[in-house]
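Structure first, commentary second.
Computed from a predicted model, the values in this text were never measured in an experiment. Chain A is the first sequence line, chain B the second, and so forth, proteins listed ahead of strands; every chain is numbered from 1.
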Amino acid sequence: MTKTSKNFRNAEHADFFDQVYAVTKLIPPGRVTSYGAIAAFLGSPQAARTVGWAMNASHLQSGFIPAHRVVNRNGLLTGRHHFRYPTLMQELLESEGVIVVDDQVRDFNKLFWDPSKELI
DNA sequence: TAGCTGACGCCCT
DNA sequence: CAGGGCGCCAGCT
């Protein structure tokens with residue numbers, strides 16, 4: 001009410017962050033998606049950035065949020081510096097069978113999991 | 001209180 | 001083809 005429209009912040013609708021976390025939890029192991037894809041699924045295509053911000057705070061959540069399965073639209077591990085240590089994101093992905101070369105997910109198009117298409 | 005700044009992505013020069 | 005601007009939501013100064 002000060003600036004941005006926080007009007008959807010009511011009991012019926014969960015916070016944008018909560019919705020982001022809910023979707024992120026649904027990403028199957030060994031698959032990846034993008035910040036933008038999650039934002040688009042939630043109806044705010046331009047809020048991709050905010051999804052990244054949510055991931056930044058994901059470790060504060062009670063449950064486990066597989067933030068490592070969210071990369072940028074080119075399959076780049078842009079968020080790796082925000083893990084406990086920089087290579088952890090890649091290690092987590094590789095533990096699920098995802099190959100990462102030069103901070104880039106191999107076969108990104110094949111492994112891409114689009115909530116807008118998978119979550120019907 | 002107002003403004004800045006992100007783990008982004010699209011559009012415009 | 002590359003570089004810059006802007007929207008989006010939330011938190012920090």
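Judged purely by atom type and a 3.5 angstrom limit, A:N74 has no side-chain atom pairing as donor or acceptor with the backbone of A:L76. With hydrogens and angles disregarded, no donor-acceptor distance shorter than 3.5 Å links the side chain of A:R106 to the backbone of A:V100. Under a 3.5 Å cut-off, the side chain of A:T24 and the backbone N or O of A:A67 do not form any donor-acceptor pair. A:Y21 contributes a side-chain N or O that, together with a main-chain N or O of A:A54, makes up a donor-acceptor pair within less than 3.5 Å.
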List, with names and distances, any nitrogen or oxygen atoms from the protein found under 3.5 Å away from nitrogen or oxygen atoms belonging to nucleotides 8-12 of chain B.
from	atom 1	to	atom 2	distance (Å)
B:dC8	O4'	A:R49	N	3.4
B:dC8	N4	A:R49	NH1	3.3
B:dG9	OP1	A:G36	N	3.2
B:dG9	OP1	A:R73	N	3.2
B:dG9	OP2	A:R73	N	2.8
B:dC10	OP2	A:R73	NH1	3.2

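Checked options A:E91, A:Q90, A:E96, A:R80; the residue passing with A:H68 is A:E96 (criterion: side chain to side chain donor-acceptor pair (under 3.5 Å)).
Rounded to an integer number of Å, the gap from A:I38 CD1 to B:dA7 C1' is 11 Å. Taking atom CZ of residue A:F16 and atom P of nucleotide C:dA10, one finds them 8 Å apart after rounding to whole Å. For the pair A:D18 CG and C:dC9 P, the computed distance is 15 Å after rounding to whole Å. Between the C1' atom of C:dC8 and the CH2 atom of A:W53 lies a distance of 14 Å, rounded to the nearest Å. Rounded to a whole Å, the CG atom of A:L42 is 11 Å from the P atom of C:dA10. Atom NE2 of A:H82 is separated from atom C1' of B:dG6 by 8 Å (rounded to the nearest Å). Rounded to whole Å, the distance from OH on A:Y21 to P on C:dC9 is 15 Å. Atom-to-atom, CG of A:N56 to C1' of C:dG11 comes out at 10 Å; the value is rounded to the nearest Å.
Of the P atoms belonging to B:dA7 and C:dA2, the separation is 23 Å, rounded to the nearest Å. Between the P atoms of B:dT1 and C:dC8, the separation comes to 23 Å (whole Å). Annotation: B:dC4 and C:dG5 have their P atoms spaced 14 Å apart (nearest Å). Nucleotides C:dC1 and B:dC8 are separated by 23 Å at their P atoms, to the nearest Å.
Proximity of A:K117 to A:F112: side-chain heavy atoms (C-beta onward) are nowhere separated by under 4.5 Å. Side-chain contact between A:T33 and A:I38 is present, with at least one heavy-atom pair separated by less than 4.5 Å.
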